[in-house]
Amino acid sequence: MNPFSRTRALFCWLALFCAGAIWIARQEYVDQYERFFQSTSIAQRMLSQKTVQHEAVLATLAALSHPPAPERLYPSLQPAMPQLLGLGHLPGGVWAGSQPEPPGLSAAAGRAQQLGRPVTMPVDGARYWLVSPSGWSLLIDARQLVPPADFPPGLGHLTLTVDREPLSLLDKPSEGGLPGWTLALQKPLGAASQPFPMRSTRTLTPATWPWTAWLGWAAASGLLVAGAAAWQRSRAEARRQQEQARLAAMARLSTLGEMAAGIAHELNQPLTAILAQTRAAERLLDDDEERPAVRHALLASAEQARRAADIISRMRALVQPSPPARREALDPDALVASLRFLREPELARQGIRLTWTNATPGARPLGDRVALEQILHNLVQNAADALAGVPGARHIALEGRAVDGTYQFSVSDTGPGIAADALPRLFAPFYTTREQGMGLGLALCDTLAGSMDGRIAARNLSPAGACFTVSLPQAGVPA
Ligand code: ADP
């Protein structure tokens with residue numbers, strides 16, 4: 001993956017993760033709030049039930065015609081009501097109770113009678129007297145209304161305001177001092193005589209955040225984005241391959257056209273020779289004395305036809321990898337004699353003199369006869385092409401000699417030579433400077449020389465002309 005698409009994938013993953021994480025957090029918040037709301041309602045009901053119970057006790061006591069003495073009554077009520085600290089009444093305006101008479105009791109009883117329900121008289125932040133219209137009074141400790149362990153688990157802090165200061169009924173240490181999101185609800189208790197405001201809070205600390213869901217979503221969204229990126233990459237790769245295949249097909253088509261033209265160019269030489277030979281044979285046919293000449297012309301035609309077939313198979317070798325060429329020790333004099341026999345008449349017509357010098361007569365190049373013939377034919381043809389517009393003496397010098405374990409043919413001409421910028425590209429397929437040229441001749445020569453473990457090179461001559469050398473392994477000389 002390139003850095004750009006990696007950054008893009010990372011960005012997509014971040015965006016996807018954030019959107020999902022916010023949704024998860026919101027769901028979690030709604031869930032937590034729901035639980036907190038329910039827990040607060042339960043706590044409020046529990047406390048309210050206790051306060052209503054106080055009213056019921058007071059009503060029962062007021063209804064008794066012969067109530068027991070408060071000192072005796074208190075121990076029997078206390079086990080069922082741990083919040084009860086004392087009780088008493090005012091029979092005939094005189095206090096009788098398990099505790100000393102609280103100050104202001106008569107006034108409170110008067111107020112209760114006015115309202116027709118019990119009233120509270122706070123002692124401190126936690127304790128209060130509940131005074132009924134009948135004068136019966138209960139001293140209640142609000143801290144013991146409900147044991148902290150009995151409150152539902154979804155609460156953090158719970159306070160009840162009996163007097164001025166809120167009284168803490170529940171304080172979970174797990175929430176102390178930690179940062180987080182605080183949920184809060186306030187409700188009064190249900191009993192009309194003790195409607196103390198109850199406040200409940202819960203802090204959603206980092207410990208309660210949905211880490212597992214977030215982690216799961218991070219992994220899932222990462223996989224999702226990686227999968228999407230891989231799918232996109234494979235699609236782009238498939239598109240690239242299709243495009244490459246299309247380009248290759250186009251290139252093949254144009255190469256095919258050029259190859260077809262190149263084959264025509266190469267075949268032109270033997271076909272022209274066959275034509276000339278058969279015409280000559282036809283002319284001589286009626287004359288019995290010319291029979292040997294007719295035979296010779298027909299044999300030469302057959303030889304050219306074989307060459308043409310060989311050229312086609314060599315052309316195929318240029319485009320298709322083929323097994324290594326046949327190797328045999330060749331006679332350079334015989335090879336050049338055959339070449340001269342074929343080319344000299346035509347060259348003579350162009351005013352070109354072809355000479356052959358074998359500096360090492362005993363030496364034999366190792367190679368494929370047809371391939372070597374074709375190389376030499378091409379080089380001689382190129383030299384003749386180069387000499388076409390040259391005034392004065394036109395000369396192609398063919399030379400052969402053994403050099404450092406190789407046998408080297410050279411074809412030199414007295415033409416204009418090779419342009420400096422053309423030299424490095426001379427053997428590249430389709431490189432040509434001639435109007436009718438195909439640029440396949442030297443490429444083919446190079447391939448053919450290579451298939452025989454040989455080498456072909458070109459240089460300019462002084463004062464003018466070009467020289468092409470073909471080096472082949474020499475028979476009898478270890479490589
Ligand atoms: P073509 O003959 O079709 O152009 P070749 O591959 O045979 O293709 O030759 C490629 C080019 O090499 C020619 O176009 C020409 O510019 C250059 N060249 C080949 N032989 C000679 C030479 N003897 N003298 C000068 N230039 C040459």
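Indexing begins at 1, ligand by ligand and atom by atom, following the structure's order.
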Where ligand 1 meets [X] - atom numbers and elements under 4.0 angstrom, heavy-atom basis:
X	answer
F468	19 (C), 20 (N), 21 (C), 22 (C), 23 (N)
I418	25 (C), 26 (N)
L426	12 (O), 17 (C)
A386	22 (C), 23 (N), 24 (N)
G417	25 (C)

* **Whether Q474 side chain and A363 backbone form a donor-acceptor pair below 3.5 Å** => no
* Asked: Where the side chain of D163 meets the backbone of E165, is there a donor-acceptor pair that is under 3.5 Å apart?
  -> no
* To do: Flag the pair R26 and E28 as a salt bridge only when some basic side-chain nitrogen lies within less than 4.0 angstrom of an acidic carboxylate oxygen.
  => no
* **Part of F427 with heavy atoms under 4.0 Å of ligand 1, whether side chain, backbone, both or neither** => neither
* Measure D413 to ligand 1 on non-hydrogen atoms and call it side chain, backbone, both or neither using the 4.0 Å cut-off. => side chain
* **Test log, rule salt bridge (charged side-chain N to carboxylate O under 4.0 Å, His left out), inputs D413 and R394** => CA-CA 8 Å; D413 62 64; R394 296 169 178 181; over 6 Å; no
* Asked: Looking at F196, does the NZ or CZ of K50 lie under 6.0 angstrom from its six-membered ring centre and within 45 degrees of the ring axis?
  -> no
* To do: Ignoring hydrogens, just give me the one of L461, V411, N378, T432 whose non-hydrogen atom is nearest atom 4 (O) of ligand 1.
  => T432
* To do: Going by heavy-atom distance to atom 19 (C) of ligand 1, choose the closest among I396, N382, D446.
  => N382
* Asked: Any side-chain heavy-atom pair from W356 and R340 closer than 4.5 angstrom?
  -> yes
* Asked: Between R434 and ligand 1, is there a nitrogen or oxygen pair with a distance under 3.5 Å?
  -> yes
* Asked: What pairs of residues pass the side-chain hydrogen bond (donor to acceptor under 3.5 Å, both in side chains) test when at least one of them lies in residues 207-224, not counting sequence neighbours?
  -> W13-S221
